[in-house]
Asker: 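Just passing along the structure, written as structure tokens.
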Amino acid sequence: MDAVQGTFDELGRSLADVTFCVVDLETTGGSAAKGARITEIGAVKVRGGEVVGELQTLVDPEGPIPAFITVLTGITDAMVCRAPRIDEALPSFLEFAHGSVLVAHNAPFDVGFLKHEAKRLGVPWPGFEVLDTVTLARRVMLREEVRNHKLGTLAAHFGSPTTPNHRALEDARATVHVLHGLFERLGSLGIGTLEELAGFTTRITAAERAKRHLADHLPAVPGVYLFRDRDERVLYVGTSRNLRTRAKSYFTGSETRARMREMVRLAERIEGIECATPLEAQVRELRLIARHTPPYNRRSRFPDRLTWVKLTREPWPRLSIVRRVLDDDADYVGPFRHKRSAEAALAAAHDAFRVRQCTGRLPVRPRGAACVLAEMGHCLSPCDGSVDADTYAAEVARLRETMVGEPLTLIDHAGDRMRALAAAQRYEDAAVWRDRLATFLRGAARSQRLRQLTAEPEVVAARRGEHGWEMHVVRHGRLAASGVMPPRGVDQLGWIDRLVAGAETVEPGFGPAPAATVEETEVLLRWLESDGVRMVRGTWQCSAAGAQRHLATWAPDPSASPAGLLSAR
């Protein structure tokens, strides 16, 4: 089965609930790439064992049909001369098959022709999931049962009332009976979903398939799952709205990632943790990944490996790159995932603001010598007394406003740089300044957004979910409690009081650093900003001012051209 990976909520579709479109083609030859064309399309749509629709049309191949093809199919030039061309017939078929799983006997042939014509005509291919009854029969049928896996042989074996005759609709009808016969065999093997069928028709090892029972005990509820090896070490952590269905998908063909296949071979147990809401599951997943650092998780394993740009609090403040936010009343921008990103943001700020770049603390009355940067005009040079404290403090205030408020000074400075470089046709240098500005703005927007939530001691918010109002208590940017409000008739205000009273006690973090990980707080921010969220207690708002509002113009995408940014400005 050539399947497109769906979302986790789509996994576990019962075969009885899936609509299948069984298709057969007649053509002028065996290869679309070598010029063969379609002469007939036949399709039968079935669901739950019942036929729900049929489609049949001849197709004008816009050329002569070879004599041996006419002998085989009975389709003549005279029959197709007034038939619709493929540019008319293909859209009709795609509309008929919309939302179904395509089925064909030797599917690479039929689907290959359809995809070839769609590409030739510029018609988007919908990305159907595809089931090949030849492949399925080879997995199900025993050698002593049938001499081969041709459509005529299988149709006779399953007692199809329709005999294949190399006409599209008749062959499609016969394929339907073969498909249903094969499904009966699959039922005795315990295969009842499309995803289990995908695993059966792909080359999954017997050892991998045998481990499906590891997920049998998991409930069909939102939560977090942990794959553990024989030594109880956590191999992988994931989350889903349906624990059992998602865990079982790792033992089917819907899982194609090589590293996940390797993880499954090592797994000996799956642990499930039920969660009240999908948001709680997301947060628990992040916390468990940070705690166990599972080898098969690629993201969120090292939440502390972040960098910040810091404006120090001292007599002569300066910028520096740090790993942690401290309780020092300093101002921070970030965090940045990589140190090189922090260095790019630092370079942008240093070029726009003439604060000192030397390391170490300076006394209130420095008695040093001017450095090269001071001689070049890139530093106000407090080290040799060239600037008074008020003038330097004013420069620092402009820098601080850029970091925690509106970054217009930096934007204007970097924009002037880019325009001058672009005018001199130094586009690569202009791109460097574009990237530096964009990196700084992303970091500033990130820290400003974090500060908006971490500053709030308590926010209680709700959004209607699948089973009722999902309620969350957030304290200083950390999820403190979750629950689903009971239906009307229950003391709902009392229930909220109990939820809040039982919530985790959270001490605030420092500055923009949350009491949780940055990633957890950003998950909460996205949820709070999503449609349908209602504030129940506390206040929280996302400010329209600051770096965030400039991202669409100056940092829309890392691949945006400097010329495009300048014209947008």
Asker: How long is the straight-line distance from OG1 of Thr239 back to CD of Glu280, given to the nearest 0.5 Å?
Answerer: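 If we round to the nearest 0.5 Å, Glu280:CD and Thr239:OG1 are 9.5 Å apart.
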
Asker: Within the 4.5 Å heavy-atom criterion, are Pro512 and Tyr332 side-chain neighbours or not?
Answerer: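 When only atoms from C-beta onward are counted, Tyr332 and Pro512 do touch, with a gap below 4.5 Å.
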
Asker: Near Asp231 CG, under 6.0 Å, is it more than 12 heavy atoms from other residues, nucleotides or ligands?
Answerer: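 Yes, because the 6.0 Å sphere around CG of Asp231 holds more than 12 heavy atoms from other groups.
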
Asker: With sequence neighbours left out, what residues match Ala480 under side chain to side chain contact (heavy atoms under 4.5 Å, CB included)?
Answerer: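 Only Val473, Arg475, Ala503, Glu504, Val506 meet the side chain to side chain contact (heavy atoms under 4.5 Å, CB included) criterion with Ala480.
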
Asker: Apply salt bridge (charged side-chain N to carboxylate O under 4.0 Å, His left out) to Glu274 and list each qualifying residue two or more places apart in sequence or on a separate chain.
Answerer: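 Listed in chain order: nothing, the list is empty.
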
Asker: Arg451: which residues meet the salt bridge (charged side-chain N to carboxylate O under 4.0 Å, His left out) condition with it, sequence neighbours left out?
Answerer: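 With neighbours one apart ignored, the set is empty.
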
Asker: Once salt bridge (charged side-chain N to carboxylate O under 4.0 Å, His left out) is applied, do any residues pair with Asp328, and if so which ones, sequence neighbours excluded?
Answerer: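 Asp328 satisfies salt bridge (charged side-chain N to carboxylate O under 4.0 Å, His left out) with Lys310 once adjacent residues are dropped.
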
Asker: Does a side-chain heavy-atom distance below 4.5 Å link Thr402 with Phe440?
Answerer: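 The answer is yes, as the side chains (C-beta and beyond) meet within the 4.5 Å cut-off.
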
Asker: What pairs with Glu271 under side-chain hydrogen bond (donor to acceptor under 3.5 Å, both in side chains), at least two apart in sequence or on another chain?
Answerer: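 Counting only residues at least two positions away or on another chain, Glu271 forms a side-chain hydrogen bond (donor to acceptor under 3.5 Å, both in side chains) with Arg228.
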
Asker: Residues two or more places apart in sequence or in another chain: which of them pass ring-ring contact (aromatic ring centres under 6.0 Å, His included) with Trp125?
Answerer: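 ring-ring contact (aromatic ring centres under 6.0 Å, His included) check on Trp125 returns Phe128.
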
Asker: Is there side-chain contact between Val283 and Leu524, with at least one heavy-atom pair below 4.5 Å?
Answerer: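 Yes, close enough: below the 4.5 Å cut-off.
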
Asker: To the nearest 0.5 Å, tell me how far Leu399 CG sits from Asp331 CG.
Answerer: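 The CG atom of Leu399 sits 8.5 Å away from the CG atom of Asp331.
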
Asker: Can you name the side chain to side chain contact (heavy atoms under 4.5 Å, CB included) partners of Arg463, sequence neighbours left out?
Answerer: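 Per chain and number, Arg463 pairs via side chain to side chain contact (heavy atoms under 4.5 Å, CB included) with Trp527, Ser530, Val533.
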
Asker: For the side chain of Tyr392 and the backbone of Arg354, is there at least one donor-acceptor N/O pair under 3.5 Å apart?
Answerer: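 Not confirmed, Tyr392 side chain does not pair with Arg354 backbone.
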
Asker: Taking Asn297 for its side chain and Val237 for its backbone only, find out whether a donor-acceptor pair lies under 3.5 Å.
Answerer: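 Side chain of Asn297 to backbone of Val237, a donor-acceptor pair under 3.5 Å: yes, one is there.
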
Asker: Flag the pair Arg449 and Glu522 as a salt bridge only when some basic side-chain nitrogen lies within less than 4.0 angstrom of an acidic carboxylate oxygen.
Answerer: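 Result for this pair is no, no salt bridge flagged.
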
Asker: Can you measure from CD (Gln357) to OG (Ser320) and round to the nearest 0.5 angstrom?
Answerer: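 The OG atom of Ser320 is 12.0 Å from CD of Gln357, to the nearest 0.5 Å.
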
Asker: For the OG1 atom of Thr505 and the NE2 atom of His476, what is their distance to the nearest 0.5 Å?
Answerer: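 Here the interatomic distance stands at 10.5 Å.
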
Asker: Quick one: side chains of residues 338-345, donor-acceptor pairs under 3.5 Å with protein atoms, not counting sequence neighbours, listed by atom name and distance.
Answerer:
none

Asker: For Ala220, give me all partners under side chain to side chain contact (heavy atoms under 4.5 Å, CB included), at least two apart in sequence or on another chain.
Answerer: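 Checked Ala220 against side chain to side chain contact (heavy atoms under 4.5 Å, CB included); matches are Asn242, Arg244.
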
Asker: Going by distance alone, is a donor N or O of one side chain under 3.5 Å from an acceptor N or O of the other, for Thr312 and Glu314?
Answerer: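 Note: Thr312 and Glu314 side chains meet the donor-acceptor criterion.
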
Asker: Quick one: list whatever passes side chain to side chain contact (heavy atoms under 4.5 Å, CB included) with Ala516, sequence neighbours left out.
Answerer: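 Expected list: Arg478, Glu520, Thr521.
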
Asker: Could I get the full list of side-chain hydrogen bond (donor to acceptor under 3.5 Å, both in side chains) partners for Glu232, not counting sequence neighbours?
Answerer: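 Partners of Glu232 under the side-chain hydrogen bond (donor to acceptor under 3.5 Å, both in side chains) test: Arg269.
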
Asker: Please round to the nearest 0.5 Å and tell me the distance separating atom OG1 of Thr409 and atom CZ of Arg398.
Answerer: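 Thr409 OG1 to Arg398 CZ: 5.0 Å, rounded to 0.5 Å.
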
Asker: Does Glu507 use its side chain to pair, donor to acceptor, with the backbone of Ala515 at less than 3.5 Å?
Answerer: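 No, because the side chain of Glu507 does not come within donor-acceptor range (under 3.5 Å) of the backbone of Ala515.
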
Asker: State the CG-CG distance between Asp416 and Asp412, to the nearest 0.5 angstrom.
Answerer: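 Interatomic distance, Asp416 CG to Asp412 CG, rounded to 0.5 Å: 6.5 Å.
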
Asker: If you define the side chain from C-beta out and look only at heavy atoms, does anything of Leu226 sit under 4.5 Å from Ile273?
Answerer: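 Yes; the side chains approach each other to less than 4.5 Å.
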
Asker: Check the angle between the aromatic planes of Tyr250 and Phe227 and answer parallel, tilted or perpendicular using the 30° and 60° thresholds.
Answerer: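 Taking Phe227 first and then Tyr250, their aromatic rings stand perpendicular (interplane angle over 60°).
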
Asker: Say whether, by atom type as modelled, one donor and one acceptor occur between the side chain of His292 and the main chain of Tyr236 under 3.5 angstrom.
Answerer: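 Absent.
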
Asker: Report the residues that fulfil salt bridge (charged side-chain N to carboxylate O under 4.0 Å, His left out) with Asp390, sequence neighbours left out, ordered by chain and then residue number.
Answerer: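 Here no residue qualifies.
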
